[in-house]
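The structure appears right after this line, and notes come after that.
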2 protein chains.
Amino acid sequence: MGTLGYAILGLLYRRSMTGYELSKEFESGLFEVWSAKHSQIYPELKSLYEAGLIDYQVEISGTVLEKKVYTITSDGERMLQKWVQDSGAAPQAPKDEFRLRLFFSDCVSANSRRQQLESRLAQHQQRLERLQKDQNKFEELPPQDDQAFNDYLVLLGGIFREQAACQWLETCLELCRQRGE
Amino acid sequence: MGTLGYAILGLLYRRSMTGYELSKEFESGLFEVWSAKHSQIYPELKSLYEAGLIDYQVEISGTVLEKKVYTITSDGERMLQKWVQDSGAAPQAPKDEFRLRLFFSDCVSANSRRQQLESRLAQHQQRLERLQKDQNKFEELPPQDDQAFNDYLVLLGGIFREQAACQWLETCLELCRQRGE
DNA sequence: GAATTCATGTAATCAGTTACATGATTGA
DNA sequence: TCAATCATGTAACTGATTACATGAATTC
């Protein structure tokens with residue numbers, strides 16, 4: 001089973017949901033971490049159901065509109081736990097188009113490269129600010145067994161990542177200045 | 001055209017190569033930044049050739065073995081330059097299976113989560129050491145117009161990224177300890 | 001002579017995105 | 001009544017991996 005399946009199991013472990021609500025979760029709470037469109041979610045729900053890892057009940061919204069509210073089964077919970085505890089080797093570092101462009105930037109001027117670094121720095125600074133706003137919503141550190149504790153750790157991961165990106169780009173710009181004059 | 005095409009153009013801009021040599025470059029020099037298997041490279045070379053962005057000459061190794069040595073064309077160079085200078089919006093943060101597992105780790109014990117964090121920390125520390133060894137190969141900062149200067153900046157990106165990962169995981173472990181006792 | 005590396009391709013499959021397709025419900 | 005959102009699916013296509021397939025050259 002692929003990661004998407006486990007992501008769905010994890011969300012359904014937190015609470016029962018429809019496919020539509022799952023797709024909203026991928027756009028909001030999980031946005032920084034994983035994503036999936038509804039066109040991928042619905043087929044995946046079907047195969048999770050066929051594997052006995054989730055179940056569903058049909059509910060009626062209004063007078064006729066049917067929606068399927070999915071629930072994780074005990075088999076599903078076991079699968080999820082096994083996956084969460086599986087500490088395999090970290091995958092290869094993710095592909096990074098910006099660093100690839102930088103790698104090949106000796107085909108353009110040093111000035112053009114500097115502009116690239118600056119515009120990218122601005123983007124990461126903005127991201128960092130957004131994440132820090134999310135961090136401020138936590139008034140205090142949640143208790144260790146609260147799911148909010150995990151949310152907080154994951155959020156911290158994004159903050160550290162964006163801070164590192166900013167520091168790296170600032171260092172690059174500094175090195176360009178050093179060698180430029 | 002996709003990123004792989006530009007990666008190939010960039011490598012061929014540095015020097016002419018066979019498909020086989022390109023695949024070795026993706027395993028060595030570009031490993032941290034981009035990757036591709038030969039099964040993806042050969043078809044891509046074909047379409048780059050059909051688009052007039054690269055050219056090739058057949059050379060003979062030994063007595064019969066034919067190899068195609070690819071060269072970038074002037075059209076290819078222009079395409080490459082345009083791509084390197086294109087500062088579009090940074091893509092969505094890459095999917096991160098480890099952070100996803102952490103996000104759902106309230107389905108396992110706090111102890112199990114701590115083990116995950118520790119084992120992951122060890123992996124990133126190892127990666128960081130490897131990158132720092134590469135950094136030590138640079139005796140001094142290369143001149144700004146040298147391609148080695150870009151190599152150095154890209155390497156720094158990996159180092160900052162791994163450092164941030166280590167710091168994040170150490171912070172997580174520290175927070176677990178704080179809330180654990 | 002045997003193993004490793006050099007060298008080039010195709011086929012099947014998987015994960016993921018974009019586009020196609022439909023229709024009900026809710027709130028302005 | 002009109003727009004936004006809720007709700008569920010399928011189809012076509014792209015990017016990427018794994019497996020299939022072949023054979024020459026080099027090195028031990």
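Every value quoted in this text rests on a predicted model; they were computed, and no experiment measured them. Protein chains get the first letters and strands the later ones, always in sequence-line order, with residue 1 at the start of each.
- A/Glu174 has a carboxylate O that lies under 4.0 Å from a charged side-chain N of A/Arg177, or vice versa, which qualifies the two as a salt bridge.
- As a whole-Å value, the separation of B/Leu45 CG from D/dG15 P is 15 Å.
- Listed for the A/Trp168 side chain is a donor-acceptor partner under 3.5 Å among the backbone atoms of B/Leu153.
- Atom pair A/Ile41:CD1 and D/dT10:C1' shows a separation of 15 Å (rounding to whole Å applied).
- Rounded to whole angstrom, the span from the CD atom of B/Glu66 across to the P atom of C/dC6 amounts to 19 Å.
- Note on A/Lys95: a side-chain N or O is less than 4.0 Å away from OP1 or OP2 of D/dA16.
- Remark: P of C/dA15 and CD of B/Glu97 are 12 Å apart, rounded to the nearest angstrom.
- Toward the 5' end of DNA chain D, the nearer of the two residues A/Pro43 and A/Lys67, judged by each one's closest nucleotide, is A/Lys67.
- If you take CG of A/Leu22 and P of D/dA7, they are 12 Å apart, rounded to a whole angstrom.
- Ion pairing between A/Glu32 and A/Arg161 holds under the 4.0 Å rule for side-chain N and carboxylate O.
- Taking 4.0 Å as the cut-off between side-chain N and carboxylate O, B/Arg114 and B/Glu118 count as a salt-bridged pair.
- Closest non-hydrogen pair, A/Leu128 versus A/Ile159, comes out as CD1-O, 3.8 Å.
- Rounded to whole Å, the distance from CG on A/Leu100 to C1' on D/dG15 is 15 Å.
- Atom CD in B/Glu27 sits about 14 Å away from atom C1' in D/dT17, given to the nearest Å.
- Between A/Tyr56 and A/Tyr49, the ring centre distance stays below 6.0 Å.
- For the contact set between residues 12-20 of chain A and DNA chain D, defined by any heavy atom under 4.0 Å, the members are A/Thr18, A/Gly19, A/Tyr20.
- With axes fitted over five pairs at each extremity, the angle between the ends of the helix from C/dG1-D/dC28 to C/dA28-D/dT1 is 30° (10° resolution).
- In summary, the side chains of B/Ser105 and A/Asn150 do present a donor paired with an acceptor at a separation below 3.5 Å, with no hydrogens or angles considered.
- Side chain of A/Asp96 to main chain of A/Arg99: a donor-acceptor pair is present (N/O by atom type, distance under 3.5 Å, no hydrogens or angles).
- Salt-bridge annotation for B/Arg14 and B/Glu25: absent, with no side-chain N of the basic residue lying under 4.0 Å from a carboxylate O of the acidic one.
- When atom types are taken as modelled, the side chain of B/Gln144 and the backbone of A/Cys176 share a donor-acceptor pair closer than 3.5 angstrom.
- Between B/Lys68 and A/Thr3, the residue anchored closer to the 5' end of DNA chain C is B/Lys68, taking for each the nucleotide with the nearest heavy atom.
- A close approach under 4.0 Å does not occur between any side-chain nitrogen or oxygen of B/Lys46 and OP1 or OP2 of C/dG9.
- Under 3.5 Å, the side chains of B/Trp83 and A/Glu97 contain a donor-acceptor pair of N or O atoms.
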5' to 3', nucleotides 18-28 of chain C under a 4.0 Å protein heavy-atom cut-off (B base, S sugar-phosphate only, - none) gives BB----SS---
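- Here the side chain of A/Tyr42 is nearest to one of D/dG9, D/dT17, D/dC6, namely D/dG9.
- A salt bridge does not link A/Glu21 to A/Lys24: none of the charged nitrogens lies less than 4.0 Å from a carboxylate oxygen.
- Rounded to whole Å, atom P of C/dT10 lies 14 Å from atom CD of B/Glu44.
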